[in-house]
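Notes for the one structure printed next.
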Amino acid sequence: MDPKTYKFDTLSLHAGYQPDKNAGSRQVPIYQTTSYLFDDVDHAAALFNLERGGHIYSRISNPTVGVLEERVAALEGGTAAIATSSGMAAIFLAIMTLCESGDHIVASSQVYGGTANLLRLTLPKFGINTTFVKPRDTQGFQKAIQKNTKCIFGELLGNPGNELMNMPEVADIAHNAGIPLMIDSTYQTPYLCKPFDFGADIVVHSLTKWMAGHGSSMAGIIVEGGKFNWMQNDKFPSLTKEYEGYHGLSFAEEFGPVAFTMKARAEGMRDFGPCLSPQNAWNVMQGIETLSVRMEKHCANAEKMVEYLLAHESVAWVSHPSAPDHPDYELAKKILPKGKGSMIAFGIKGGKEAGTAFINNVKLASHLANVGDTRTLVIHPASATHSQMDEATLKFAGLSQDMIRLSVGIEDIEDIKNDFEDGFRAAKKPKLVANK
Amino acid sequence: MKFKVNNEEVFASTGGRPFDKNKPLIIFIHGSGLTHMCWVLQTRYFAFHGYSVLALDLPGHGLSEGKSLTSIEDMADWINDVIDAVGFHQASLVGHSQGCLVAVECASRYPNKIKTLSLMGGAGAIPMNPELLALAENSDPKAVDLMMDFAHGPSGHFGGHPVPGLYHLNTGSMLVQSKEIKDTLGVDFRACQNYTNGFEAAKKLDLPTLSILADKDRMCRLKDGKKLADHINGSEVHVIKNCGHMMLLEEADQTLAILKKFILEKYPII
Ligand SMILES: Cc1ncc(COP(=O)(O)O)c(C=O)c1O
């Protein structure tokens, strides 16, 4: 006897949506509205008191966005989710739902540049400070935990150096300290890895990337695992104690495995308002419908590019967990069995000048500040995404001047390679072509 | 709210309002392996509309201490102890699934205390599939997956939770797994399997009774729910369409509307 619950590919098309309750519309309708009629005064009060489920105002929730939320929760194996206007909004909302002024975070040093700036420069303005630990330094996470630490935060595959965090071990460290592990799983998507299976408690995504997949729409999401017991200690009073904003409600007591999401919505969406537009939610869902097929092709193309780059005379080094010489090759096989993602970092011989010439002379690969598009993207982090960092911070974040970051698209692999040949040819004589 | 029953600490949600001894008491009894949280879309309404609400965690479940009770009869007696412990002389009972067995047994044992009975996804007996019972008694997580499959209707399998952003199957699954599976679900399933007094207890009842059933219920089938109702004198029956066993969440609004009408009429605030 086996459960006949729907599996991943089916959920990515159907989860969260009931056509019979939407005029039979096969596609998810776009509820382009700000607000929702109350049946009567009693109904209005019931919605505001969280007595009944439903929608009040699209800053708090929206039916189209709600389908996306359930869909991603289903795909991640989470209990609930809350979508936001961008990935950064999701990270900010998650941290603000967890932390008070005076609290502390332990974070991987290899995170997206925006996240690094949020943790390093912006959150201290709110009294929330962060200690950074290199992703491979598992014991370092343990050592960095303080009495006021409220979570460990990391990206599984550090951006952009491709260093893998030992998620199961770091999860144990967090849980022994009575705090949750929060993982930014943007680069993996639930197709490659479900962090909840490896001990994570909260997952955040920039849906802008592979989940939406087509480079068209900004979106983010927080997903709750539902396993973390907020009441095991007194570290999370705003989740466990009486909350003034809702008649003395204790989120953890009343909502248990969905307490975090309920608080993020009731407080964070109400007070900060980083809501996702229904149109963008719909665009993201279009992408998610083909998540499996796209990720398979992204990963296949990436592995072919790794082979190609490893054999190339103009390439100094290649970093991707599918390469046998990658330090995390074995761990990656365990945590990322279906594919290691489509982000490759490589060093170009000739350093910064050669890198600039390469980037200026590829024509198919797009030079821009994004990743996870269906199209192949390239960037030189030291001069773009991470340009606010000084030399030392750059090094700590796992970056170097010769590094090119490549987000492999799903074009024909031969076309990508031919394009790179043009780039490498130009890079050999950077003086002649750099300023074409 | 936490209080002691037979020297063990018990947790019950009071629906977001302070517990008030001057308001009529409604007790909500959850099903196998679950907790007070499955009632959140019914309890808060009554708590905000003049009732005192206790959505219990049975002993050993959710936030309650102690060991799980091993028979439906013990659970029925324990509900009686709860009513005494909070200083009430009477209460209305609302049960779901296994909670219906408990509520019926309790009402038949304590006819002077129990004023109305509301049964959701109930039956007179809940014989267990032997394989599912064995999996639960061995703490195999597959028991939870199977339970979630059987407990949700075709729509619930897709989602469409009344509370934006929540996903039925995984929320239910985490509720059941908040404690060791064999200590909660395993013990509860065995108690259901062993209980044979349902129809006899039902025949003794003489109080306003409501049955809310669902046409796509695969845990306690519609015909079994109707059979129980047929054994209860004057039982009111409502069938929710295109809904599974978890009607209290899958079709929370419809369930609440039916329950509201029944309770306000048969157990009014004086
Ligand atoms: C890993 C990671 N997390 C978060 C973000 C921020 O997401 P967004 O750009 O949607 O705000 C990005 C964006 O590049 C990212 O790559």
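Sequence lines set the chain letters: A, B, ... in the order given, protein chains first and strands last, and positions in each chain run from 1. Quick note: numbers below take in every heavy atom, side chains included, and nothing from hydrogens, waters or symmetry partners.
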A:L37, CG: over 12 other non-hydrogen atoms inside 6.0 angstrom
no

Greatest number of non-hydrogen atom pairs under 4.5 angstrom with chain B, of A:A15, A:G66, A:A46, A:A74, falls to A:A74

Note: vs chain A, highest number of non-hydrogen pairs under 4.5 angstrom among B:G172, B:P164, B:A252 is B:P164

Between B:V163, B:L175, B:L166, who has the most heavy-atom pairs with chain A when the cutoff is under 4.5 Å?
B:L166

Could you work out, with side-chain hydrogen bond (donor to acceptor under 3.5 Å, both in side chains) as the rule, every residue matching B:S118, not counting sequence neighbours?
none

Please classify the contact between [X] and chain A as side chain, backbone, both or neither, with a heavy-atom cut-off of under 4.5 Å.
X: B:L256; value: side chain
X: B:F11; value: side chain
X: B:L135; value: neither

Set of residues satisfying ring-ring contact (aromatic ring centres under 6.0 Å, His included) with respect to A:F8, sequence neighbours excluded
none

Selection residues 29-39 of chain B - residue pairs positive for salt bridge (Lys or Arg N to Asp or Glu O under 4.0 Å), sequence neighbours left out:
none

Cross-interface N/O pairs, chain B with chain A, donor-acceptor, under 3.5 angstrom:
unit_1	atom_1	unit_2	atom_2	d
B:S13	OG	A:E254	OE1	2.9
B:R17	NH1	A:H247	ND1	3.4
B:H36	NE2	A:E253	O	2.6
B:R44	NE	A:N49	O	3.1
B:R44	NE	A:L50	O	3.2
B:R44	NH1	A:E254	OE2	2.9
B:R44	NH2	A:N49	O	2.9
B:Y45	OH	A:D42	OD2	3.0
B:H49	NE2	A:D42	OD1	2.7
B:E131	OE2	A:M1	N	3.3
B:K142	NZ	A:M1	O	2.9
B:K142	NZ	A:D2	OD1	3.1
B:D149	OD2	A:K4	N	2.6
B:S155	O	A:Q18	NE2	3.2
B:F158	O	A:G16	N	2.5
B:G159	O	A:Q18	NE2	2.7
B:G160	N	A:E70	OE1	2.8
B:G160	N	A:E70	OE2	3.1
B:H161	N	A:E70	OE2	2.9
B:P162	O	A:G54	N	3.2
B:P164	O	A:R265	NH2	3.2
B:G165	O	A:A81	N	2.9
B:Y167	N	A:T79	O	2.9
B:N170	ND2	A:G78	O	2.8
B:T171	OG1	A:T79	O	3.0
B:N242	ND2	A:D20	OD2	3.0
B:E251	OE2	A:K21	NZ	2.8
B:D253	OD1	A:R52	NE	3.0
B:D253	OD2	A:R52	NH2	3.2

Could you tell me which portion of [X] (side chain, backbone, both or neither) has an atom closer than 4.5 angstrom to a non-hydrogen atom of chain B?
X: A:L249; answer: side chain
X: A:A259; answer: neither
X: A:L50; answer: both

First locate atom CZ of A:F196, then atom CE of B:M174, and finally report the distance between them rounded to the nearest 0.5 Å.
8.5 Å

Correct closest heavy-atom pair for B:L146 and A:P3 would be CD2-N, 3.4 Å

